Amino acid sequence: MSSLASSSVPNGTKITIPYPCDFHHHFRQGPAISSLVPIASQRFGTALAMPNTKPPITTVPLAIAYHDELMAARKEGGGEMMEIVNVLYLTDNTTVETVDEMAKHDFIVGFKYYPAGATTNSDFGVTDFLKCYPVFSRLSDLNMVLCIHSEVSTPTVDIFDREKVFIETVITKIVKDFPNLKIVMEHISTIHGVNFIKSLPETSKVVGSITPHHIMYNRNALLVGGVKPHFYCLPILKRETHRAALLEAASSQSGRFIMGTDSAPHTVGSKESSCGCAGVFNGHAAVEMYVEAFESVGRLDALEDFIETGKKFYGIQDGGRTMELVKEEWRVEESMELGEDVVKPLRAGEMVKWKIVR
Ligand SMILES: NC(=O)N[C@@H](CC(=O)O)C(=O)O
């Protein structure tokens with residue numbers, strides 16, 4: 001059950017929004033790519049591909065190969081083809097030379113910083129962020145982006161407090177030390193993340209991305225009535241107060257919050273397991289769900305700012321393309337193809353209230 005208030009807009013209502021871009025998407029690798037890229041192409045003008053593959057995308061040659069593979073999996077969807085941009089996976093050993101090399105390729109926009117052990121395939125991530133200061137400095141000089149999975153992975157910190165402690169111990173210092181660095185605090189999940197971003201000066205180049213699942217569901221979806229592994233993701237879903245604060249932030253038209261779905265598919269087998277993987281697959285209906293969430297607070301008018309803020313931050317120009325949606329229910333499939341396996345999509349077997357017309 002989502003925590004959204006019931007909707008107010010009559011069925012059949014049509015809306016036009018700027019063409020959405022997704023600044024956090026997991027396309028995985030191998031056969032899964034050909035399942036996932038076409039679904040995203042139906043919804044996004046540009047998608048930012050996450051680099052936490054196995055092995056991770058840590059070098060420019062790996063990024064070029066991955067980008068080529070993703071681009072080849074796109075299909076004509078009646079409109080223009082989706083663009084794909086990439087980030088490299090930051091490690092303790094990433095060099096300044098790599099940043100210079102990245103800057104030669106338009107499709108590479110920056111780095112993804114995973115604290116080691118914080119989430120799926122983050123074992124090669126950063127153990128000591130101070131070691132990355134030369135890289136942060138060069139990124140800042142080149143106006144490139146640092147996307148941060150903003151959670152500590154310290155065993156003594158409660159999993160529900162990981163974001164709060166990361167703000168206190170890591171990101172505040174990075175933002176202070178690199179005031180000109182473009183930073184995305186990825187998939188913020190708490191009121192602490194919202195307040196941190198809102199507290200920064202006008203001149204700051206920090207935005208927060210917000211997923212559909214963090215604005216639609218609180219932790220009851222994961223834990224009430226039995227453990228629901230398909231709602232397990234990182235950052236983990238939090239209390240209702242946090243969900244409400246995130247939806248308020250996303251629809252606040254503050255120019256500081258951006259679309260980033262964190263669509264993160266795992267096979268049904270790897271989710272429904274004694275040690276289930278973290279990640280929610282929402283790529284099949286992400287735009288429709290954002291619309292539903294904004295409608296629930298009477299803020300359909302704020303979608304434009306949410307979409308355009310991300311495009312402006314990443315410098316995406318799409319000539320004012322738009323997307324039309326209609327208020328018309330449709331049922332999500334129980335399962336969907338994921339390469340040679342299957343994935344359970346968010347809201348499997350349930351209704352979604354908005355449909356993309358074109
Ligand atoms: N969000 C998740 O729970 N999982 C993501 C990794 C991430 O973005 O944290 C994944 O790759 O599965």
Side-chain angles (χ1 to χ4, degrees), residues 22-30 32-33 35-37 40 47-58 66 70 86-90 110-126 145-153 159-160 162-163 166 170-171 183-190 193 208-217 219 221-223 227-238 242 246 258-273 275-284 286 289 336 338-339 341 343-346:
D22 181 5
F23 296 108
H24 187 135
H25 206 103
H26 297 273
F27 288 111
R28 305 308 189 202
Q29 60 200 107
I33 287 178
S35 307
L36 300 172
V37 171
L48 173 57
M50 286 295 118
N52 61 334
T53 48
K54 285 183 183 171
I57 311 295
T58 48
Y66 190 43
L70 296 175
N86 293 68
V87 278
L88 259 66
Y89 187 113
L90 184 69
F111 275 105
K112 178 64 186 263
Y113 163 4
Y114 291 103
T119 188
T120 307
N121 298 343
S122 60
D123 295 350
F124 298 94
V126 174
V145 178
L146 181 65
C147 300
I148 307 184
H149 182 112
S150 304
E151 292 192 291
V152 295
S153 55
I159 192 165
F160 292 97
R162 284 174 160 198
E163 186 170 290
F166 190 89
V170 184
I171 200 167
I183 293 176
V184 184
M185 190 173 172
E186 300 261 273
H187 42 45
I188 54 170
S189 65
T190 62
S209 68
I210 300 185
T211 77
H213 41 286
H214 286 102
I215 57 177
M216 290 193 302
Y217 297 95
R219 63 191 189 182
L222 171 69
L223 295 168
V227 175
K228 315 272 173 38
H230 295 283
F231 282 99
Y232 176 58
C233 60
L234 291 168
I236 199 162
L237 295 174
K238 307 288 189 317
H242 298 291
L246 291 163
I258 69 170
M259 188 176 275
T261 66
D262 190 15
S263 181
H266 292 275
T267 62
V268 169
S270 60
K271 293 286 289 176
E272 297 175 10
S273 142
C275 184
C277 295
V280 166
F281 175 53
N282 61 32
H284 62 293
M289 288 176 176
M336 295 175 76
L338 182 61
D341 221 307
V343 57
K344 194 162 169 145
L346 182 59

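In listed order, ligands and their atoms are each counted from 1. Computed from a prediction, not measured in an experiment: that's the story for all the values here.
- Nearest non-hydrogen protein atom to atom 3 (O) of ligand 1 is Leu234 N, 2.7 Å.
- Residue contacts with ligand 1 for Asn121 are absent, since no atom lies close enough (heavy atoms, distance under 4.0 Å).
- Residues Thr267 and Ser270 have side chains that bring a donor and an acceptor to within less than 3.5 angstrom of each other.
- For the pair Gly279 and ligand 1, the shortest N or O to N or O distance falls below 3.5 Å.
- Between His24 and His187, the two ring planes are tilted [angle within 30° to 60°].
- Of all protein heavy atoms, the one lying nearest to atom 4 (N) of ligand 1 is Ala278 O, 3.1 Å.
- Close contacts of ligand 1 with Cys233, meaning ligand atoms under 4.0 Å from a residue heavy atom, involve 3 (O).
- Of the listed residues (Lys271, Arg28, His26), just one forms a side-chain hydrogen bond (donor to acceptor under 3.5 Å, both in side chains) with His266, and that residue is Arg28.
- An N or O contact shorter than 3.5 Å links Asn52 to ligand 1 by distance.
- Glu163 and Thr190 are linked by a side-chain donor-acceptor pair at a separation below 3.5 angstrom, with hydrogens and angles left out of the test.
- In this comparison of Arg28, Met50, His25, the heavy atom closest to atom 10 (C) of ligand 1 sits on Arg28.
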Side chain to side chain donor-acceptor pair (under 3.5 Å) between Ser189 and Lys238, intermediate numbers included: CA-CA 7 Å; Ser189 65; Lys238 307 288 189 317; 2.8 Å; yes
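- Taking the six-membered ring where the residue is Trp, Phe27 and His25 present parallel rings, their angle staying beneath 30° rather than reaching 60°.
- Remark: ligand 1 atoms within the under-4.0 Å shell around heavy atoms of His24 are 8 (O).
- When only non-hydrogen protein atoms are considered, atom 6 (C) of ligand 1 lies nearest to Thr119 OG1, 3.3 Å.
- Tyr89 and Phe124 have perpendicular rings, their planes meeting at more than 60° on a 0 to 90° scale where under 30° would count as parallel.
- Val268 and Lys344 get closest at one heavy-atom pair: CG2-N, 3.7 Å.
- Shortest contact from atom 1 (N) of ligand 1 to any protein heavy atom: Asp262 OD2, 2.6 Å.
- Under 4.0 Å from ligand 1, the heavy atoms of His149 that appear belong solely to its side chain.
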